[in-house]
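In the text below, chain A, chain B and the rest are named by the order of the sequence lines, each starting its count at 1.
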There are 2 protein chains.
Amino acid sequence: MMRYHKVPEETIKRMPQYLRALLFLRQQSTKYITSRGLSEYVLLNPPQIRKDLSYFGAFGLRGTGYEVEPLIKQIRRILKLDVEQKTVLVGAGRLGSAIARFPGFQRYGFNITDIYDNAGKRIGKKIGKIQIKDVAKLNKIKANSVKIAIIATPPETAQQIADALVKAGVTSILNLTSAYLAVPKKVRVRTVDLAMELGMLPYYT
Amino acid sequence: MMRYHKVPEETIKRMPQYLRALLFLRQQSTKYITSRGLSEYVLLNPPQIRKDLSYFGAFGLRGTGYEVEPLIKQIRRILKLDVEQKTVLVGAGRLGSAIARFPGFQRYGFNITDIYDNAGKRIGKKIGKIQIKDVAKLNKIKANSVKIAIIATPPETAQQIADALVKAGVTSILNLTSAYLAVPKKVRVRTVDLAMELGMLPYYT
DNA sequence: TCCTGTGAACTTGTTCACAGCT
DNA sequence: AGCTGTGAACAAGTTCACAGGA
C-alpha cells in the first residue's frame, strides 16, 4: 500500500478526469469498470490509472476491476468534493453569466453562492436565483466561509479583485482573465486563458 | 546551439505564456528584458526560460537580456502565430458568444471568421460583424482552409461537431465542452473543462 | 561584470513486469 | 484466468553550474 508516498501533482490533476468518466459510467448504469475500460474515457494507459488510484489506497477488486459507485465516493473524498464547496463568482459580464449557469459545477460539488460585479447596471439583477452584488461588498463573504472564487472580470481589474478575495479568506482562485495574479503562497491560483490555450495548437499543424 | 534537439511538449505549452508577458512588456515600452525579469511574469525560474528559448535558437544578448520586439516576432513565428489563423467557432450560446467577442484571440493571431449554431432562432443573427450560420453547412469551411476550431456547444453534440470539423479539414480543436472527443491521430484536441479545472483546487486547501 | 546558452546532474513522472488476490 | 497493486527500470523534464560573449 502506497498511501504514504508523496502524491505527484500530475496525479492530482488527473483525478477530476477519472471522476468525470466515472460519473458518466454511473449514468450508463455501469457497476464495475477495469483500468482498461477507464482508459478509453481518459486517454491514459491502464497502469497509469492503477498507479494513480493506488496512491490513495487499494480500491480495486482483483479479477474484477473497480466498483463505480464506491470509487466515485473515494475520489470525491480525496479531492474534498464530497462536502459542498461554496464558490463565489466575480464578474457578471458575458463570460461570467455563462459560467454562472454552467451545469457542470454542481456535479462536482461546487455551489456558486454569490455573484459580484462592479457595474451599476448589473447590480441587483439576478442570474438564476442569485442576485448580483456590488463588488465593493466582497469583504462580506468572510463570514460565509467561502474558500473558492472564480474571476471572470476584465484583466485590468483582476489583481484588485484577487487582493480583496484573499483578504476575505479565499484560498483557491480560478482566474479566467489573461492577467497574472500575485497572491500569497498559501493561495492557489489556476489561470485559464483561452487565447493561450489556443496558442500552442498551430505549432503542431 | 540546440536547435536540432527535440523540443519538449512542456516547452511548447509555455511559449504562449512568454508571448503574453512580452506583449505586456512591449505595451509598457520595455525594450529589453532578462530571463530574471521575465520570470516575474510567468512564475518560472530564469534557467527554465533560457533553456526553453534556446531550443529554438540563441535570441539573447549576453550581458543584456532579450530584446522584446524581436523576441515577440520569433515566438510568433515559432508558434505559427505570425500568419493569421482562421478560426471557426461552433456554438453561439452564452459561452460561445462570450468567446466570439473575446479580444484576446485577435492579439494572438486568431481570427474568428465563421460562427455556427444549430438553433433556428440564432441562425442569421449577428455577433459583431459575423452572421451565425447553420451548423449543417459546416462542410463549407473546407474551401476556406480553416484549420482551427473552437467547440462551445452542449457536450451531447460535441462529438458529431468534431466529426464534421475533421471532415472539413480542421486539424486543431479547442474543446470547451466536458465531452471526450474521439478524433484521428493527426488532429490535435485541447479540452478545457472549467469544472475540471476547479476540481483539483480544493485538494490543496 | 552581467547575462545568455547548455551539457550534465538531478528530480519527477511514466511504463513495465510480475507478484498476489479473487 | 483476470485484473489490481507496486517496486524497479526507464523516460522526460528541470535545475544547476559554469563556459563564453558583450
Side-chain angles (χ1 to χ4, degrees), chain A residues 1-18 21-22 25 30-72 74-75 78 200 203-204, chain B residues 1-18 21-22 25 30-72 74-75 78 200 203-204:
Chain A
M1 138 79 91
M2 296 174 35
R3 215 183 304 232
Y4 303 107
H5 288 223
K6 180 162 114 300
V7 180
E9 168 123 23
E10 298 297 317
T11 294
I12 302 297
K13 286 191 195 162
R14 285 189 291 267
M15 297 306 282
Q17 296 190 52
Y18 299 141
L22 289 163
L25 287 164
T30 306
K31 291 275 175 289
Y32 295 90
I33 187 79
T34 63
S35 56
R36 171 112 53 91
L38 257 182
S39 75
E40 287 169 26
Y41 293 93
V42 294
L43 274 219
L44 297 161
N45 50 25
Q48 176 84 78
I49 295 170
R50 295 202 300 276
K51 173 137 261 187
D52 280 345
L53 295 175
S54 78
Y55 282 113
F56 303 101
F59 305 134
L61 306 159
R62 293 171 196 224
T64 317
Y66 300 86
E67 206 180 340
V68 172
E69 186 62 38
L71 188 53
I72 287 175
Q74 289 289 354
I75 295 181
I78 291 160
M200 61 171 293
Y203 178 82
Y204 292 100
Chain B
M1 139 77 96
M2 297 175 36
R3 217 185 301 238
Y4 303 108
H5 288 223
K6 178 162 117 300
V7 180
E9 167 124 24
E10 296 298 317
T11 294
I12 303 297
K13 285 192 196 162
R14 284 189 292 265
M15 296 307 282
Q17 296 188 54
Y18 299 140
L22 289 162
L25 287 164
T30 306
K31 291 275 176 286
Y32 295 90
I33 187 79
T34 63
S35 56
R36 170 114 53 92
L38 257 182
S39 75
E40 287 168 28
Y41 293 93
V42 294
L43 275 217
L44 296 161
N45 50 26
Q48 175 85 78
I49 294 170
R50 295 201 301 274
K51 174 138 261 190
D52 280 345
L53 295 175
S54 77
Y55 281 114
F56 302 101
F59 304 134
L61 305 159
R62 293 168 196 229
T64 318
Y66 300 86
E67 207 180 340
V68 172
E69 186 62 37
L71 188 52
I72 288 175
Q74 288 289 355
I75 296 181
I78 291 161
M200 62 171 294
Y203 178 82
Y204 292 99

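Remark: A:R62 is not in phosphate contact with C:dC18, judged by side-chain N or O atoms under 4.0 Å from OP1 or OP2. Contact annotation: A:R50 side-chain N/O to D:dG2 OP1/OP2 distance is not under 4.0 Å. Within the structure, every side-chain polar atom (N or O) of A:Y66 is placed at least 4.0 Å from both OP1 and OP2 of D:dG2. OP1 and OP2 of D:dC3 both lie 4.0 Å or more from every side-chain N or O belonging to A:T64.
Distance CD1 (B:I12) to P (D:dA12): 15 Å, rounded to an integer number of Å. In this structure, B:D52 places its CG atom 14 Å from P of C:dT4, rounding to the nearest Å. Summarising the geometry, the separation between CG on B:L53 and P on C:dG5 is reported as 8 Å, rounded to the nearest angstrom. Put simply, CD on B:Q48 is 5 Å from P on D:dT14, counting in whole angstrom units. Regarding A:Y55, its OH atom lies at a distance of 10 Å from the P atom of D:dG7, rounded to whole Å. Between the CD1 atom of A:I49 and the P atom of C:dC16 there is a distance of 14 Å, rounded to whole Å. Look at CZ on A:R14: it is 16 Å from P on C:dT12, rounded to the nearest Å. Here D:dG13 presents its P atom at 15 Å from CG of B:L44, a figure rounded to the nearest Å.
Contact of the A:F56 side chain with the A:T11 side chain is registered, since non-hydrogen atoms from C-beta on lie closer than 4.5 Å.
Within 4.0 Å (heavy atoms only), B:T11 reaches no atom of the nucleic acid at all. As judged by a 4.0 angstrom heavy-atom cut-off over every strand, B:P8 is placed among residues touching the sugar-phosphate backbone only. Among the atoms of the strands shown, base atoms are found under 4.0 Å from some heavy atom of B:G63.
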Q: Quick one: do A:I72 and A:L25 satisfy side-chain contact (heavy atoms from CB on, under 4.5 Å)? Show the steps, please.
A: CA-CA 10 Å; A:I72 287 175; A:L25 287 164; over 6 Å; no
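Residue A:L43 holds its CG atom at 12.5 Å from CZ of A:R14, rounded to the nearest 0.5 Å. The distance from the OH atom of B:Y203 to the CE atom of A:M15 is 9.0 Å, given to the nearest 0.5 Å.
Comparing D:dA8, C:dC16, D:dT15 by their closest approach to the side chain of A:K51 singles out D:dA8. Nearest to the side chain of A:N45, among C:dT15, C:dG13, D:dT14, sits C:dT15.
With the nearest nucleotide of DNA chain C identified for both B:P46 and A:E9, B:P46 has the one nearer the 5' end. Map A:L61 and B:I33 each onto its nearest nucleotide of DNA chain C; the residue landing nearer the 5' end is B:I33.
Each of A:L53, A:L61, A:L22 was checked for a side-chain contact (heavy atoms from CB on, under 4.5 Å) with A:Y66, and the lone residue meeting it is A:L53.
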